[in-house]
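What follows is a set of notes on a single structure, which appears directly below.
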Amino acid sequence: MLFYSFFKTLVGQPVVVELKNDLSIQGLLVSVDQFLNIKLDDIRVLDEKRFPHMMSVKNCFIRGSVVRYVQLPAAAVDTALLQDATRRENAVEK
């Protein structure tokens, strides 16, 4: 639940999502659900020569199970808050 809560705070931020098929999509994070499915707007494919069919797509829904990495803007990540939330979640599990 920690990652879901964390990604909810990043709605409206630009992110890069790398999929397991090596497709990297840059876009504005619109929503994320508990399965870490991601919806992006104003997308741009980083390797346009390799994926020319994606040039006309403006928004997309990405199933959480096909995501390899999500690159976040450094300024949008509050590491102190994230560490505190991790400690609290770990204390509840014990």
Side-chain angles (χ1 to χ4, degrees):
M1 217 47 185
L2 179 65
F3 285 110
Y4 169 64
S5 300
F6 174 67
F7 278 111
K8 289 289 281 184
T9 65
L10 296 173
V11 170
Q13 297 288 329
V15 295
V16 176
V17 179
E18 182 180 329
L19 307 181
K20 291 180 180 177
N21 67 352
D22 294 327
L23 172 63
S24 293
I25 303 171
Q26 180 180 18
L28 195 64
L29 182 64
V30 174
S31 66
V32 63
D33 65 12
Q34 68 270 20
F35 302 107
L36 298 180
N37 297 321
I38 297 172
K39 184 176 179 185
L40 298 176
D41 272 348
D42 302 324
I43 69 164
R44 183 176 73 84
V45 176
L46 298 184
D47 190 1
E48 295 171 352
K49 291 181 182 177
R50 191 165 166 211
F51 301 98
H53 57 283
M54 294 292 292
M55 295 289 295
S56 62
V57 179
K58 297 299 176 200
N59 56 33
C60 67
F61 179 85
I62 303 169
R63 183 180 166 116
S65 64
V66 300
V67 174
R68 180 181 294 151
Y69 298 113
V70 178
Q71 298 174 19
L72 310 169
V77 179
D78 185 358
T79 55
L81 182 65
L82 189 58
Q83 288 172 349
D84 185 47
T86 304
R87 285 188 196 104
R88 278 187 273 133
E89 187 174 278
N90 192 26
V92 169
E93 290 176 359
K94 287 185 178 179

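Heavy-atom minimum distance, Leu28 versus Gly12: CD1-O, 3.0 Å. Nearest approach of Ser31 to Val11, heavy atoms of both residues: CA-CG2, 4.4 Å.
By the side-chain contact (heavy atoms from CB on, under 4.5 Å) test, Asp84 pairs with Arg88, sequence neighbours left out. For Glu48, the side-chain contact (heavy atoms from CB on, under 4.5 Å) partners are Arg44, Met55, not counting sequence neighbours. With sequence neighbours excluded, the residues forming a side-chain contact (heavy atoms from CB on, under 4.5 Å) with Asn59 are Asp41, listed by chain and number. Every residue two or more places apart in sequence or in another chain that forms a side-chain contact (heavy atoms from CB on, under 4.5 Å) with Val67 is listed here: Val17, Leu19, Ile38, Ile62, Val70.
From Leu10, atom CG reaches atom OG of Ser5 across 11.5 Å, with rounding to the nearest 0.5 Å. For the atom pair CE of Met54 and CG of Asp47, the computed distance is 12.0 Å after rounding to the nearest 0.5 Å.
Val57 is connected to Val15 through a chain of hydrophobic side-chain contacts under 4.5 Å among Ile, Leu, Val, Met, Phe, Trp and Tyr, so both are in one cluster.
Contacts classified as salt bridge (charged side-chain N to carboxylate O under 4.0 Å, His left out) and involving residues 23-38 (residues at least two apart or in different chains) are not found. Residue pairs meeting the side chain to side chain donor-acceptor pair (under 3.5 Å) criterion with at least one member in residues 60-76, sequence neighbours excluded: Glu18-Arg68, Asp22-Arg68, Arg63-Ser65.
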For this session: Show your reasoning for whether side chain to side chain contact (heavy atoms under 4.5 Å, CB included) applies to Phe61 and Val30.
Result: CA-CA 10 Å; Phe61 179 85; Val30 174; over 6 Å; no
For this session: Under the side chain to side chain contact (heavy atoms under 4.5 Å, CB included) rule, what do Phe6 and Leu72 come out as? Steps first, then yes or no, please.
Result: CA-CA 11 Å; Phe6 174 67; Leu72 310 169; 3.5 Å; yes
